[in-house]
Amino acid sequence: MSFALKLMNWYREHGRDLPWRNTQNPYIIWLSEIILQQTRVEQGLPYFHRFLEAFPIVTKFAAAEEEEILRLWQGLGYYSRARNMHKAAKMVVNDFDGIFPSSYTEVIRLSGVGDYTAAAISSFSSNEAKAVVDGNVYRVLSRYFGIDEPINGTKGKKVFAEIAADMLDMKDASTYNQAIMDFGALQCKPKKPDCEICVFNLECVAHREGIVDRLPVKLRGKASKNRYFHYFIVESDNQLLMSKRGEADVWANLYEFPMLETEQDLTLEGLLKTAQFSEYFDEEASFVQLGNVTKHILSHQNIYARFYMLEDAKSLRIKKSNWNYFFVEKIDTLAKHKLIFSFLEKNKQLINPKF
DNA sequence: AAGGCGGGGGT
DNA sequence: ACCCCAGCCTT
(Lines give C-alpha, C1' and ligand atoms only; values in the text may rest on other atoms or scores of the structure.)
Protein backbone atom coordinates (compact mmCIF):
# COMPACT_ATOMS: atom_id res chain seq x y z
CA MET A 1 0.00 0.00 0.00
CA SER A 2 1.25 3.50 -0.82
CA PHE A 3 2.54 5.94 1.77
CA ALA A 4 -0.41 8.23 1.12
CA LEU A 5 -3.08 5.53 1.52
CA LYS A 6 -1.51 4.16 4.68
CA LEU A 7 -1.26 7.66 6.07
CA MET A 8 -4.90 8.43 5.31
CA ASN A 9 -6.01 5.16 6.87
CA TRP A 10 -4.13 6.11 10.01
CA TYR A 11 -5.79 9.53 9.89
CA ARG A 12 -9.32 8.17 9.61
CA GLU A 13 -8.74 6.27 12.82
CA HIS A 14 -6.61 8.67 14.84
CA GLY A 15 -7.10 12.16 13.36
CA ARG A 16 -8.31 15.07 15.46
CA ASP A 17 -11.75 16.59 15.12
CA LEU A 18 -11.05 20.28 14.69
CA PRO A 19 -13.67 22.95 13.98
CA TRP A 20 -12.09 24.27 10.77
CA ARG A 21 -12.21 20.78 9.31
CA ASN A 22 -15.97 20.84 9.09
CA THR A 23 -16.06 23.46 6.37
CA GLN A 24 -14.76 24.20 2.88
CA ASN A 25 -15.27 27.93 3.31
CA PRO A 26 -11.91 29.46 2.31
CA TYR A 27 -12.45 32.44 4.60
CA ILE A 28 -12.86 30.25 7.68
CA ILE A 29 -9.91 28.09 6.66
CA TRP A 30 -7.78 31.20 6.10
CA LEU A 31 -8.71 32.44 9.56
CA SER A 32 -7.60 29.18 11.15
CA GLU A 33 -4.40 28.89 9.11
CA ILE A 34 -3.10 32.36 9.92
CA ILE A 35 -3.84 31.88 13.61
CA LEU A 36 -2.06 28.53 13.57
CA GLN A 37 1.17 29.79 11.99
CA GLN A 38 3.89 28.89 14.52
CA THR A 39 1.13 28.34 17.06
CA ARG A 40 -0.14 25.18 18.69
CA VAL A 41 -3.69 24.10 18.02
CA GLU A 42 -4.61 24.31 21.72
CA GLN A 43 -3.29 27.86 21.94
CA GLY A 44 -5.01 29.01 18.75
CA LEU A 45 -8.42 27.39 19.27
CA PRO A 46 -10.01 30.05 21.52
CA TYR A 47 -8.75 32.79 19.19
CA PHE A 48 -10.29 31.03 16.21
CA HIS A 49 -13.73 30.99 17.86
CA ARG A 50 -13.35 34.59 18.98
CA PHE A 51 -12.46 35.82 15.49
CA LEU A 52 -15.16 33.83 13.72
CA GLU A 53 -17.77 35.18 16.09
CA ALA A 54 -16.59 38.78 15.72
CA PHE A 55 -16.16 38.54 11.95
CA PRO A 56 -18.38 35.81 10.47
CA ILE A 57 -17.63 36.93 6.92
CA VAL A 58 -14.61 38.54 5.27
CA THR A 59 -16.38 41.83 4.54
CA LYS A 60 -16.92 42.32 8.28
CA PHE A 61 -13.24 41.64 8.85
CA ALA A 62 -12.25 44.18 6.22
CA ALA A 63 -14.55 46.81 7.69
CA ALA A 64 -13.24 46.45 11.23
CA GLU A 65 -10.94 48.93 12.94
CA GLU A 66 -7.37 47.71 13.19
CA GLU A 67 -7.49 48.38 16.94
CA GLU A 68 -10.36 45.94 17.29
CA ILE A 69 -8.51 43.24 15.38
CA LEU A 70 -5.39 43.76 17.47
CA ARG A 71 -7.38 43.66 20.68
CA LEU A 72 -8.79 40.26 19.71
CA TRP A 73 -5.28 39.14 18.79
CA GLN A 74 -3.81 40.32 22.09
CA GLY A 75 -1.58 37.71 23.71
CA LEU A 76 -1.16 35.47 20.65
CA GLY A 77 2.18 36.92 19.47
CA TYR A 78 3.57 37.64 16.01
CA TYR A 79 1.29 40.64 15.74
CA SER A 80 2.16 41.31 12.11
CA ARG A 81 -0.14 38.39 11.35
CA ALA A 82 -3.10 40.42 12.58
CA ARG A 83 -2.12 43.49 10.55
CA ASN A 84 -1.53 41.36 7.45
CA MET A 85 -4.93 39.73 7.90
CA HIS A 86 -6.57 43.11 7.85
CA LYS A 87 -4.70 43.98 4.64
CA ALA A 88 -5.64 40.65 3.12
CA ALA A 89 -9.33 41.07 3.98
CA LYS A 90 -9.31 44.48 2.31
CA MET A 91 -7.64 42.94 -0.74
CA VAL A 92 -10.41 40.37 -0.95
CA VAL A 93 -13.01 43.13 -0.89
CA ASN A 94 -11.21 45.31 -3.42
CA ASP A 95 -9.63 42.79 -5.79
CA PHE A 96 -11.97 39.80 -5.48
CA ASP A 97 -15.30 41.50 -5.07
CA GLY A 98 -15.60 40.30 -1.48
CA ILE A 99 -15.53 36.63 -2.52
CA PHE A 100 -12.67 34.88 -0.72
CA PRO A 101 -10.54 33.12 -3.36
CA SER A 102 -9.72 29.42 -3.07
CA SER A 103 -7.05 28.77 -5.70
CA TYR A 104 -3.36 28.64 -4.80
CA THR A 105 -2.31 31.34 -7.26
CA GLU A 106 -4.94 33.73 -5.96
CA VAL A 107 -4.59 33.23 -2.20
CA ILE A 108 -0.81 33.43 -2.25
CA ARG A 109 -1.15 37.03 -3.39
CA LEU A 110 -2.78 37.94 -0.07
CA SER A 111 -0.63 39.53 2.66
CA GLY A 112 0.51 37.01 5.21
CA VAL A 113 -0.14 34.02 2.94
CA GLY A 114 2.99 32.10 1.90
CA ASP A 115 3.57 28.69 0.32
CA TYR A 116 2.32 26.70 3.27
CA THR A 117 -0.86 28.70 3.85
CA ALA A 118 -1.72 28.89 0.15
CA ALA A 119 -1.39 25.11 -0.17
CA ALA A 120 -3.51 24.61 2.94
CA ILE A 121 -6.33 26.94 1.91
CA SER A 122 -6.49 25.71 -1.69
CA SER A 123 -6.38 22.02 -0.82
CA PHE A 124 -8.84 22.21 2.08
CA SER A 125 -11.36 24.45 0.36
CA SER A 126 -11.26 23.12 -3.20
CA ASN A 127 -9.13 19.97 -3.04
CA GLU A 128 -6.44 21.57 -5.22
CA ALA A 129 -3.43 19.24 -5.50
CA LYS A 130 -0.90 21.33 -3.56
CA ALA A 131 1.18 19.70 -0.82
CA VAL A 132 1.59 21.52 2.48
CA VAL A 133 5.12 21.70 3.89
CA ASP A 134 5.15 22.71 7.54
CA GLY A 135 7.22 21.66 10.53
CA ASN A 136 5.31 18.38 10.79
CA VAL A 137 5.91 17.51 7.15
CA TYR A 138 9.65 18.19 7.40
CA ARG A 139 9.86 15.89 10.37
CA VAL A 140 7.80 13.03 8.94
CA LEU A 141 9.51 13.02 5.55
CA SER A 142 13.04 13.49 6.86
CA ARG A 143 12.60 10.46 9.10
CA TYR A 144 10.70 8.30 6.66
CA PHE A 145 13.40 8.75 4.01
CA GLY A 146 16.32 9.27 6.40
CA ILE A 147 17.27 12.65 4.91
CA ASP A 148 19.75 14.72 6.94
CA GLU A 149 19.73 17.80 4.71
CA PRO A 150 18.99 20.76 7.04
CA ILE A 151 15.32 21.66 6.74
CA ASN A 152 15.90 25.40 7.15
CA GLY A 153 18.57 25.75 4.48
CA THR A 154 17.82 26.82 0.92
CA LYS A 155 18.60 23.41 -0.53
CA GLY A 156 16.67 21.56 2.14
CA LYS A 157 13.53 23.60 1.59
CA LYS A 158 13.68 22.81 -2.11
CA VAL A 159 14.36 19.12 -1.60
CA PHE A 160 11.54 18.62 0.89
CA ALA A 161 9.07 20.64 -1.18
CA GLU A 162 9.74 18.31 -4.11
CA ILE A 163 9.40 15.15 -2.05
CA ALA A 164 6.23 16.47 -0.43
CA ALA A 165 4.74 17.11 -3.85
CA ASP A 166 5.69 13.58 -4.98
CA MET A 167 4.06 11.95 -1.97
CA LEU A 168 0.79 13.88 -2.21
CA ASP A 169 -2.40 11.99 -3.01
CA MET A 170 -3.47 13.84 -6.15
CA LYS A 171 -7.12 12.82 -5.85
CA ASP A 172 -7.59 13.71 -2.19
CA ALA A 173 -5.04 16.38 -1.38
CA SER A 174 -7.30 17.76 1.32
CA THR A 175 -7.41 14.59 3.40
CA TYR A 176 -3.75 13.80 2.71
CA ASN A 177 -2.57 17.21 3.90
CA GLN A 178 -4.61 17.03 7.09
CA ALA A 179 -3.36 13.50 7.62
CA ILE A 180 0.36 14.18 7.34
CA MET A 181 0.15 17.14 9.73
CA ASP A 182 -1.85 15.18 12.31
CA PHE A 183 0.56 12.28 11.93
CA GLY A 184 3.46 14.62 12.69
CA ALA A 185 1.69 16.26 15.61
CA LEU A 186 0.34 13.10 17.26
CA GLN A 187 2.53 10.16 16.24
CA CYS A 188 5.82 11.27 14.68
CA LYS A 189 6.42 13.85 17.44
CA PRO A 190 9.67 15.83 17.85
CA LYS A 191 10.54 14.11 21.14
CA LYS A 192 9.92 10.48 21.99
CA PRO A 193 7.82 9.40 19.02
CA ASP A 194 6.21 6.04 19.69
CA CYS A 195 7.85 4.16 16.85
CA GLU A 196 6.95 0.71 18.19
CA ILE A 197 3.29 1.18 17.31
CA CYS A 198 3.90 3.24 14.16
CA VAL A 199 2.28 2.00 10.95
CA PHE A 200 5.49 2.86 9.07
CA ASN A 201 7.99 1.25 11.41
CA LEU A 202 9.06 -1.34 8.84
CA GLU A 203 9.84 1.08 6.03
CA CYS A 204 10.88 4.19 7.99
CA VAL A 205 14.60 4.65 7.27
CA ALA A 206 15.30 6.62 10.45
CA HIS A 207 13.69 3.93 12.60
CA ARG A 208 15.53 1.10 10.84
CA GLU A 209 18.83 2.90 11.29
CA GLY A 210 18.08 4.07 14.83
CA ILE A 211 18.50 7.76 14.03
CA VAL A 212 14.94 8.94 14.64
CA ASP A 213 16.02 11.25 17.46
CA ARG A 214 18.57 12.97 15.21
CA LEU A 215 16.13 13.93 12.47
CA PRO A 216 15.19 16.35 11.15
CA VAL A 217 18.47 18.28 11.04
CA LYS A 218 18.16 21.99 11.58
CA LEU A 219 20.76 24.77 11.32
CA ARG A 220 21.10 26.59 14.60
CA GLY A 221 20.10 30.22 14.80
CA LYS A 222 21.83 32.97 16.69
CA ALA A 223 21.93 32.98 20.47
CA SER A 224 19.34 35.04 22.29
CA LYS A 225 20.33 38.51 23.34
CA ASN A 226 19.68 39.93 26.81
CA ARG A 227 17.92 43.28 27.12
CA TYR A 228 17.06 45.31 30.18
CA PHE A 229 13.85 47.32 30.27
CA HIS A 230 12.87 49.78 32.98
CA TYR A 231 9.18 50.63 33.11
CA PHE A 232 7.73 53.62 34.92
CA ILE A 233 4.22 53.50 36.26
CA VAL A 234 3.43 57.15 36.61
CA GLU A 235 0.06 58.45 37.67
CA SER A 236 -1.28 61.71 38.93
CA ASP A 237 -4.81 63.11 39.19
CA ASN A 238 -6.39 59.90 37.92
CA GLN A 239 -4.19 59.96 34.88
CA LEU A 240 -1.79 57.24 33.85
CA LEU A 241 1.21 57.77 31.64
CA MET A 242 1.46 55.38 28.68
CA SER A 243 3.51 55.25 25.53
CA LYS A 244 3.43 53.66 22.12
CA ARG A 245 6.25 51.50 20.86
CA GLY A 246 8.07 52.25 17.64
CA GLU A 247 7.88 50.62 14.25
CA ALA A 248 11.03 48.53 14.09
CA ASP A 249 11.47 46.64 17.37
CA VAL A 250 9.53 43.90 19.10
CA TRP A 251 5.85 44.62 19.82
CA ALA A 252 5.81 47.18 17.01
CA ASN A 253 3.27 49.95 17.50
CA LEU A 254 1.79 48.38 20.60
CA TYR A 255 1.32 50.15 23.92
CA GLU A 256 3.22 49.89 27.15
CA PHE A 257 4.24 51.97 30.12
CA PRO A 258 6.96 54.54 29.50
CA MET A 259 10.24 52.64 29.35
CA LEU A 260 13.99 53.20 29.30
CA GLU A 261 16.33 50.47 28.06
CA THR A 262 19.85 50.01 29.39
CA GLU A 263 22.78 47.99 28.04
CA GLN A 264 23.71 46.76 31.51
CA ASP A 265 21.61 44.89 34.03
CA LEU A 266 21.03 47.92 36.24
CA THR A 267 18.95 48.14 39.38
CA LEU A 268 17.03 51.29 40.26
CA GLU A 269 20.05 52.64 42.11
CA GLY A 270 22.24 52.30 39.06
CA LEU A 271 19.58 53.58 36.72
CA LEU A 272 19.26 56.83 38.67
CA LYS A 273 22.90 57.63 37.89
CA THR A 274 22.57 57.25 34.15
CA ALA A 275 22.54 60.20 31.82
CA GLN A 276 19.55 58.62 30.17
CA PHE A 277 17.42 58.80 33.30
CA SER A 278 18.26 62.43 33.96
CA GLU A 279 17.38 63.27 30.40
CA TYR A 280 13.83 62.26 31.11
CA PHE A 281 13.33 62.86 34.79
CA ASP A 282 14.07 65.62 37.24
CA GLU A 283 16.31 64.78 40.22
CA GLU A 284 13.27 65.19 42.45
CA ALA A 285 11.38 62.38 40.73
CA SER A 286 11.56 59.60 43.29
CA PHE A 287 10.74 56.02 42.32
CA VAL A 288 10.36 52.74 44.20
CA GLN A 289 10.68 49.35 42.58
CA LEU A 290 7.53 47.27 42.25
CA GLY A 291 8.08 43.54 42.65
CA ASN A 292 11.11 41.74 41.25
CA VAL A 293 12.67 41.44 37.85
CA THR A 294 10.25 39.92 35.34
CA LYS A 295 11.76 37.80 32.62
CA HIS A 296 10.07 37.87 29.22
CA ILE A 297 11.43 35.10 27.04
CA LEU A 298 10.96 35.68 23.34
CA SER A 299 12.22 33.33 20.66
CA HIS A 300 15.23 35.52 19.92
CA GLN A 301 15.81 37.64 23.03
CA ASN A 302 15.45 37.63 26.79
CA ILE A 303 13.96 40.75 28.27
CA TYR A 304 14.50 41.53 31.92
CA ALA A 305 11.90 44.04 32.96
CA ARG A 306 11.79 46.09 36.13
CA PHE A 307 8.86 48.22 37.15
CA TYR A 308 9.05 51.41 39.17
CA MET A 309 6.33 53.50 40.68
CA LEU A 310 6.50 57.16 41.57
CA GLU A 311 6.78 57.58 45.31
CA ASP A 312 5.13 60.96 45.38
CA ALA A 313 3.00 62.08 42.48
CA LYS A 314 3.86 65.70 43.09
CA SER A 315 7.49 65.04 42.29
CA LEU A 316 6.76 64.16 38.67
CA ARG A 317 8.93 66.10 36.27
CA ILE A 318 9.21 64.96 32.71
CA LYS A 319 11.97 66.81 31.02
CA LYS A 320 11.55 65.61 27.49
CA SER A 321 8.58 65.04 25.31
CA ASN A 322 10.26 62.86 22.69
CA TRP A 323 9.02 59.83 24.59
CA ASN A 324 5.89 59.52 22.54
CA TYR A 325 3.85 59.31 25.71
CA PHE A 326 0.24 60.16 26.38
CA PHE A 327 -2.11 60.14 29.35
CA VAL A 328 -4.94 57.75 29.92
CA GLU A 329 -7.49 60.11 31.44
CA LYS A 330 -9.78 59.52 34.39
CA ILE A 331 -8.58 56.02 35.03
CA ASP A 332 -10.18 54.35 38.04
CA THR A 333 -8.26 52.17 40.45
CA LEU A 334 -9.72 48.90 39.23
CA ALA A 335 -8.98 49.64 35.59
CA LYS A 336 -5.51 50.76 36.49
CA HIS A 337 -4.74 47.59 38.40
CA LYS A 338 -6.16 45.50 35.61
CA LEU A 339 -3.89 47.29 33.18
CA ILE A 340 -0.80 46.89 35.30
CA PHE A 341 -1.58 43.29 36.11
CA SER A 342 -2.18 42.20 32.55
CA PHE A 343 1.05 43.80 31.48
CA LEU A 344 3.28 42.86 34.37
CA GLU A 345 2.00 39.48 35.46
CA LYS A 346 0.46 37.93 32.43
CA ASN A 347 3.28 38.72 30.06
CA LYS A 348 0.85 40.11 27.52
CA GLN A 349 1.32 43.23 25.54
CA LEU A 350 -1.28 45.95 25.62
CA ILE A 351 -3.09 46.76 22.43
CA ASN A 352 -5.23 49.66 23.49
CA PRO A 353 -5.13 51.07 26.99
CA LYS A 354 -8.03 53.41 26.29
CA PHE A 355 -11.11 51.68 27.57
C1' DA B 1 20.77 33.77 2.80
C1' DA B 2 19.91 35.47 7.15
C1' DG B 3 17.43 37.86 10.71
C1' DG B 4 13.37 39.45 13.04
C1' DC B 5 9.13 38.50 15.00
C1' DG B 6 5.70 35.99 20.54
C1' DG B 7 3.84 33.30 23.59
C1' DG B 8 3.34 28.70 25.38
C1' DG B 9 4.59 24.08 26.40
C1' DG B 10 7.84 20.05 26.62
C1' DT B 11 12.19 17.77 28.03
C1' DA C 1 18.87 25.87 28.62
C1' DC C 2 17.12 24.50 24.40
C1' DC C 3 13.66 22.91 21.14
C1' DC C 4 9.30 23.15 18.74
C1' DC C 5 4.85 24.92 17.21
C1' DA C 6 -0.50 24.27 10.61
C1' DG C 7 5.49 30.55 8.77
C1' DC C 8 5.99 35.03 6.68
C1' DC C 9 8.26 39.26 5.58
C1' DT C 10 12.19 42.26 5.07
C1' DT C 11 16.86 43.20 4.15
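Every chain is numbered from 1, with letters handed out A, B, ... down the list of sequences.
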Could you walk me through whether A/Tyr27 and A/Phe55 satisfy the ring pair (Phe, Tyr, Trp, His ring centres under 6.0 Å) test, starting with their C-alpha distance in whole Å, then the side-chain angles of each, then the deciding distance to 0.1 Å, before giving a yes or no? CA-CA 10 Å; A/Tyr27 167 68; A/Phe55 312 118; 8.5 Å; no

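Rounding to whole angstrom units, CZ of residue A/Phe229 and P of B/dG6 are separated by 11 Å. Atoms NZ (A/Lys225) and P (B/dC5) sit 10 Å apart, rounded to a whole Å. Taking atom CH2 of residue A/Trp73 and atom C1' of nucleotide B/dC5, one finds them 13 Å apart after rounding to whole Å. Whole-Å rounding puts the A/Ile297 CD1 to C/dC2 P distance at 11 Å. Rounded to whole angstrom, the span from the OH atom of A/Tyr79 across to the C1' atom of B/dG4 amounts to 16 Å.
Mapping A/Lys155 and A/Lys192 onto DNA chain B by nearest heavy atom places A/Lys155 at the nucleotide closer to the 5' end. Projected onto DNA chain B by closest heavy-atom contact, A/Gly77 and A/Gly153 fall at different nucleotides, the more 5' of which corresponds to A/Gly153.
Annotation: C/dC8 and B/dG8 have their P atoms spaced 22 Å apart (nearest Å).
Checking the phosphate oxygens (OP1, OP2) of B/dG4, no side-chain nitrogen or oxygen of A/His300 falls inside 4.0 Å. In terms of phosphate contacts, A/Trp251 brings a side-chain nitrogen or oxygen within less than 4.0 Å of OP1 or OP2 of B/dG7.
The local environment of CG in A/Asp97 is sparse, with at most 12 non-hydrogen atoms from other residues, nucleotides or ligands closer than 6.0 Å.
For A/Arg16, the salt bridge (Lys or Arg N to Asp or Glu O under 4.0 Å) partners are A/Asp182, not counting sequence neighbours.
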Dot-bracket notation for DNA chain B, counting Watson-Crick and G-U pairs under 3.5 Å, with | for partners on another strand: |||||.|||||

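Here CZ of A/Phe232 is found 4.5 Å from CZ of A/Phe281. Values are rounded to the nearest 0.5 Å.
Remark: the A/Arg306 side chain and the A/Thr262 side chain contain no N/O donor-acceptor pair separated by less than 3.5 Å. Side chain to side chain, A/Gln37 and A/Arg81 fail the donor-acceptor criterion of an N or O pair below 3.5 Å.
Contact check on A/Asp249 versus A/Arg227 returns a salt bridge, with a Lys/Arg side-chain nitrogen under 4.0 Å from an Asp/Glu carboxylate oxygen.
Between A/Phe51 and A/Trp73, the angle of the ring planes goes over 60°, which puts this pair in the perpendicular group of the 30/60° scheme.
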What does nucleotides 4-11 of chain C look like as a protein-contact string, B for base, S for sugar-phosphate only, - for none, at under 4.0 angstrom between heavy atoms? BBBBSS--

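Using a 4.0 Å heavy-atom cutoff across all strands shown, A/Asn177 reaches no nucleic acid atom at all.
Between the side chain of A/Glu247 and the backbone N or O of A/Ala252, no donor-acceptor pair lies under 3.5 Å.
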